[in-house]
Amino acid sequence: METGEKEDNDNPLDETGGKKKKKKKKKKKKATAGNDCDGDEDDVKGENETSEANDEGEGEGDCDIGGEGSSSTKKKKKKKKKNGAGGNVPKTKAHCRGVDGFTDYYVALGQTEPPTIPIENLFQPGSFPKGEIQEHPGDFNRYRVTSEEKRAQERMQEDIYDKVRAAAECQRQVRHWAQSYIKPGIKLIDMCEALENKNRELVAEKGTTQGIGFPTGCSLNHVAAHYTPNPGDDTVLKHSDVMKIDFGTQIDGRIIDTAFTVHFDPQFDKLAEAARMATEEGIRTIGVDVRLCDVGAAIQEVMESYECTIDGKTFPVKCVRNLNGHSMAPYVIHAGKSVPIVKGGDATKMEEGEFYAIETFGSTGRGHVTEDLDCSHYMKNFHAPHVPLRMPRAKKLLSHINKTYNTLAFCRRWLERDDGGSFHLHGQKGRQEKYLGALKNLCDVGIVVPYPPLVDIKGSYVAQYEHTVLLKPTCKEVLSRGNDY
Ligand code: CO
Ligand code: CO
């Protein structure tokens with residue numbers, strides 16, 4: 001309770017903000033009467049810290065977003081059962097708005113709190129938790145549900161499914177844990193390092209075979225994507241910020257790529273909800289033989305039905321038209337197909353077996369991003385040209401990149417870690433010294449590509465949600481689904 005009040009006091013909007021929150025909550029409670037939001041809050045039995053978190057959660061009423069529709073009812077039922085099985089498990093809820101769920105979901109799976117057991121030790125091979133199953137849309141896909149042939153094809157892929165489910169479970173546990181400690185006042189560089197270290201721990205990092213999928217994005221406000229702190233960046237998260245946490249876990253190069261929006265001020269609820277619902281619409285509309293342009297049009301329709309009032313001024317929520325979802329392949333975050341989030345896109349069709357990261361960005365600004373600010377994200381060009389390198393430092397850095405990241409994205413922060421990005425490969429002797437000139441050289445010759453932050457206009461706010469979905473022969477599986485989003 002004290003922590004919560006102290007936080008609120010940091011915020012000049014505290015008084016009115018707090019009162020508004022309470023009022024809103026009451027209204028919501030009525031609207032969602034009968035679901036177990038209230039129950040969850042009532043049977044809280046935690047120690048100091050956990051009950052604090054819950055109290056805060058109650059004031060924020062974050063049972064609301066996404067709390068409609070049959071799939072979420074199902075989820076809630078499941079959650080109740082797990083709570084029952086877990087007994088008196090302390091429940092830690094997010095401090096931020098924009099996500100649901102408690103960390104007790106992984107405690108019920110046998111995980112510790114905080115989580116420390118690698119996911120591979122938590123389940124038997126072949127039994128990693130499945131994602132949410134949805135049917136492929138369209139009458140032309142109906143036969144898939146019962147087709148014996150499609151089922152047989154699926155059985156042959158089970159080993160791959162099991163791997164990506166393990167990566168998804170790791171991602172889910174890491175993000176639930178992160179949601180329980182992300183609060184105003186946290187230094188972003190500390191937040192990212194803690195999240196990434198937990199990711200390494202739970203995935204049991206083994207160089208490029210299993211590890212982090214890409215640098216942890218924590219883009220703030222008008223920055224939409226590709227921001228993570230560089231060494232020396234002292235940015236602190238504020239109560240008034242809108243932050244997109246976008247991070248990934250990979251096993252055998254199969255990347256789980258998901259994102260959610262963290263905010264504390266209720267005036268951003270609508271913006272976050274717009275992106276969340278637009279992403280859900282994207283997930284609902286994708287499928288085998290669905291045209292990419294149709295997905296974009298459906299997403300835009302949902303996103304742009306929202307508006308958001310900030311400091312008394314109302315903004316239409318716009319899709320960021322030059323950001324996309326994307327297909328993924330082993331060790332390739334963008335495998336060639338883009339999933340637009342506005343109409344008028346490419347008529348190329350999605351295909352069976354493809355992995356997609358479905359992500360949408362809603363903005364109160366122009367709905368268009370440009371490159372700006374200090375670059376932190378880099379990735380080897382998958383079709384890297386063969387160029388002789390003259391600089392010995394560039395040769396050395398390239399060899400480190402090849403060994404440690406292959407064609408996965410990396411950031412400057414990782415190059416400066418003692419382990420250089422992989423304890424498994426380098427122990428504490430992986431740190432890259434004086435690498436900036438070498439990195440620039442690798443970029444200049446086209447072997448490495450820089451991905452600078454992407455920003456909308458100053459003063460605007462961008463929200464994002466993202467899930468990884470697999471188009472299987474009989475159905476689609478939303479691998480990264482959790483009870484948070
Ligand atoms: Co992402
Ligand atoms: Co993505």
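Indexing begins at 1, ligand by ligand and atom by atom, following the structure's order. Here the structure is a predicted model, which is why all the values come from computation and not from measurement.
Here His326 meets the criterion, with an N, O or S atom under 2.8 Å of the Co ion (ligand 2).
Ring orientation note: the planes of Phe410 and Tyr378 are close to parallel, at an angle under 30° on the 30°/60° scale.
With Asp372 contributing its side chain and Leu454 its backbone, the two residues share no donor-acceptor pair below 3.5 Å.
Around atom NZ of Lys238, no more than 12 heavy atoms belonging to other residues, nucleotides or ligands sit under 6.0 Å away. By the 6.0 Å contact criterion, CZ on Phe382 is open, its count of non-hydrogen atoms from other residues, nucleotides or ligands being 12 or less.
Between Asp162 and Arg165 there is no salt bridge, since none of the side-chain N atoms of the basic residue sits less than 4.0 Å from a carboxylate O of the acidic one.
Taking the six-membered ring for Trp and the full ring otherwise, the centers of Tyr461 and Phe268 sit less than 6.0 Å from each other.
Here the Co ion (ligand 1) has protein N, O or S atoms under 2.8 Å from it, and they come to 4.
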